[in-house]
4 protein chains.
Amino acid sequence: MAGAPPNPERPHTGRRRNEATHHAILDAALRLLAESDGEAVTIDAIAKAAGVGKQTVYRWWPSKGALLLDALTERSAIQVPLPDTGSVRADLQAVIEATFLGAQGKSTAPALRSLAREAAHDPHLAELLQTFTAQRRNAVRGLLIRGQQRGELAPGADLDLMLDQFYGVFWYRFLLGHQPLDQDAATRLTNAILADH
Amino acid sequence: MAGAPPNPERPHTGRRRNEATHHAILDAALRLLAESDGEAVTIDAIAKAAGVGKQTVYRWWPSKGALLLDALTERSAIQVPLPDTGSVRADLQAVIEATFLGAQGKSTAPALRSLAREAAHDPHLAELLQTFTAQRRNAVRGLLIRGQQRGELAPGADLDLMLDQFYGVFWYRFLLGHQPLDQDAATRLTNAILADH
Amino acid sequence: MAGAPPNPERPHTGRRRNEATHHAILDAALRLLAESDGEAVTIDAIAKAAGVGKQTVYRWWPSKGALLLDALTERSAIQVPLPDTGSVRADLQAVIEATFLGAQGKSTAPALRSLAREAAHDPHLAELLQTFTAQRRNAVRGLLIRGQQRGELAPGADLDLMLDQFYGVFWYRFLLGHQPLDQDAATRLTNAILADH
Amino acid sequence: MAGAPPNPERPHTGRRRNEATHHAILDAALRLLAESDGEAVTIDAIAKAAGVGKQTVYRWWPSKGALLLDALTERSAIQVPLPDTGSVRADLQAVIEATFLGAQGKSTAPALRSLAREAAHDPHLAELLQTFTAQRRNAVRGLLIRGQQRGELAPGADLDLMLDQFYGVFWYRFLLGHQPLDQDAATRLTNAILADH
DNA sequence: ATTTAATCGAGACGGTACGTCATGTCTTCGG
DNA sequence: CCGAAGACATGACGTACCGTCTCGATTAAAT
């Protein structure tokens, strides 16, 4: 994701990218993202924390958003499995539960929250974030389609609405924090989404 | 909302607040908010557009967010009625529809979007926004409770989840814009929320 | 100096000028001038310290400078006598000594210093100050002329230069404070000015 | 004068100071200082005139005063020679004349006047200015001491007073402008200072 | 071994917006 | 009409980040 050699024709000359530096930047970004929950994270601060020049950051990531997203996806472990048990209800419940619980991770939560906040200002990051979440969304849609093909969902079921119910409720609660995102909530949400099926 | 006399004991001395200025600021804020969809709105720009000193803005609003929220609530017409037809389904459908369509207003939509973006960075505004929306949320909850008392909803229905489905889907679609927020969507969402009732 | 009634034709209508207020303003000005040696004195601060509205200050004095000068001349006692002993040397020595010592007064010195500093920025005050000092300067010139007429000074003596030596040295030492302004200094300066007479 | 490398141990890392920018700032400062005789010169205006970011000014000069003094001393040519002809009278006359005439330079005069005015408000600048003038003062004192050693001045002559007569009259006339600072004035002042020698 | 080129930390640079401060004018109400 | 309180337009202040740029030093492949 971050930075290809500028000239792909020639094999490669000159000093190679320092992987330790790369990691240091991602680590620093993730740490600052987690520490300053809500407060803006500056590139200067990340570079300073990583013991790195600012230019080095800009060399490998086109925008602050790209860096933050990279930090969250590469270094933080948001591992949501995609089950295929043969039951839509079981599959959906598992995904929702994993999403809910995975987002609550001690360092993941504030970082993810900050990332969402940054995306509000940075159109580039917003697009990246959407591209990233679209993959997962499509995966979950696949899960629903399989259920529909098995006859568990009505042929005319509004899958997009179901997806939006899932992610809408998730982000709404995650960002506002006014209601829990625990196992019970996952069960209730699953039931609500699959109510008449 | 903005600025009560500091000392309620004394009748009030000194020059009074200039209402024309007040309105000019709110109008300018709303206009700039609507015009620059997504782009940040600066206090300098608002003051300049309103023909007002920056200090005058800071005198009456503690933060940029507070001003923007004020601009949106006082000057923009987000008039969502709270019907009481005797049918939960009809009531909820009306509210959802009004919310969906009201948010699409030509100048309201970009302003509301900008406001949400600003709230992502400004904790003060986030709180104000939450306080503001909590009122409407409580009103809608009242609507649901009435239906529950009439027996239209199960006694154990998770009203909070229902509310979050409504507002979660609304904000999710409003901010991402990947799915419509039209009358049909309102109907489908209503059905989904009240699925098993 | 400070403020005539706006309409001199009509005997006088309305509330009369409050002398206590007048004094309070001058006192506050003098006090602040003395306290904040070097630091700028603001009209707001004076008004606040006098328990007075800002407009009341502006009503009676055309500029901050005028007020400060008023404060120094009316309230502070810079009483330099104008002796006429029949000897230029004695007269000049007395004036210089009185000027040197008078300017060292505990509250006078910082106030005068601040006044001079203010005059550097306020052309209006500079003019007032010059008009004020011109009176004294002319008085001292008269003293020298009398000596010249008595034959104590050469007919072609450069009186202006003598005056500038006096005031130049005074202000230079007063503002920089690198050399004393005591009785001995007065004697030496007198001797230097009258050296070849 | 402005800004040595912060850490003398390390050879120096990072981009070097842009001398063109440095000069542009000093030139702009001097020009504005000369143009706006008396009126305050703002950092914003200097930065704008130099085509430079405000921060760049603040990076290299701790205060507006330091910048202005720098501008006057580095860019403007206040070249007062220090003669050593073997005659105190000739030496002193030359210095006074050069000082008088040098200060009258078309762009120097308003700049120097503005500088003095700024110093009245800015203690930091006042100190800098004093440090700067102390060098010249000491040089002139050296001139007098040489004359004293040659027996041209009495052993007990008050050199400090002589210096103060020089600079006191100079600044007094320069700032007030009520009397000329021409060659004739220089001669008269020289005579007055050395009257009884 | 030498050349060539890309990396690195450091930090200067032109901008833009911030929130605060003082100025001098104005408006309001109570005396 | 006077006086206290304080709102108002203006404009400078010094700070914080932004993203770009320029340094000298380092490192590795190509010659």
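Below, chains carry the letters A, B, ... as their sequence lines are ordered, and counting in each starts from 1.
To the nearest angstrom, C1' of E/dG19 lies 14 Å from CD1 of B/Ile46. As rounded to whole Å, 15 Å separates atom P of F/dG14 from atom CH2 of D/Trp61. Between B/Glu19 atom CD and F/dA7 atom C1' there is a gap of 12 Å when expressed in whole angstrom units. The separation between A/His22 atom NE2 and E/dC8 atom P is 10 Å, rounded to whole Å. One atom, CZ of B/Arg59, and another, C1' of F/dA5, lie 12 Å apart when rounded to the nearest Å. Regarding B/Lys48, its NZ atom lies at a distance of 13 Å from the C1' atom of E/dT16, rounded to whole Å. For B/Glu39 and E/dA17, the CD to C1' distance is 14 Å, given to the nearest whole Å. With rounding to whole Å, A/Leu67 atom CG is found 15 Å from F/dC17 atom C1'.
Summarising the local packing, CD of B/Gln130 is surrounded by more than 12 heavy atoms from other residues, nucleotides or ligands at distances under 6.0 Å.
For the pair D/Arg15 and E/dC13, the criterion of a side-chain N or O lying under 4.0 Å from OP1 or OP2 is not met. At F/dC2, none of the side-chain N or O atoms of C/Trp60 fall inside 4.0 Å of OP1 or OP2 (strictly under the cut-off). The shortest distance between the side-chain N/O atoms of C/Thr42 and the OP1/OP2 oxygens of E/dC21 is not below 4.0 Å. Contact between the side-chain N/O atoms of A/Arg17 and the OP1/OP2 oxygens of E/dA6 is not found at any separation under 4.0 Å. Between A/Lys64 and F/dC18 there is a side-chain N or O to OP1 or OP2 distance below 4.0 Å. For D/Thr56 and E/dG14, the shortest distance from a side-chain N or O to OP1 or OP2 is below 4.0 Å.
A salt bridge links A/Asp44 to A/Lys54: one of the charged nitrogens lies within less than 4.0 Å of a carboxylate oxygen.
In summary, the aromatic rings of A/His124 and A/Trp61 are positioned with their centroids too far apart to meet the 6.0 Å limit.
When all heavy atoms of D/Leu68 and D/Ile46 are compared, the pair lying nearest together is CD2-CD1, 4.2 Å.
For A/Lys54 and F/dG19, a side-chain-to-base donor-acceptor distance below 3.5 Å is present, hydrogens and geometry of angles not being considered.
Each of C/Gly53 and A/Tyr58 was matched to the nucleotide of DNA chain F holding its nearest heavy atom; the match closer to the 5' end belongs to C/Gly53. Judged by closest nucleotide on DNA chain F, B/Asn18 is the one of B/Asn18 and D/Ala45 placed further toward the 5' end. Residue B/Ile43 is the one, among B/Ile43 and B/Gln55, whose nearest nucleotide of DNA chain E lies closer to the 5' end (criterion: closest heavy atom). Residue order along DNA chain E, read from the 5' end via each residue's closest nucleotide, puts B/Val41 first among B/Gly14 and B/Val41.
Checked by atom type, the side-chain pair A/His121/B/Arg117 shows no donor-acceptor distance below 3.5 Å.
Nearest to the side chain of D/Thr21, among E/dG14, F/dA4, F/dA9, sits E/dG14.
At the heavy-atom level, C/Asp44 lies under 4.0 Å from base atoms of the strands shown.
A heavy-atom distance below 4.5 Å is found between the side chains of C/Tyr58 and C/Ile43.
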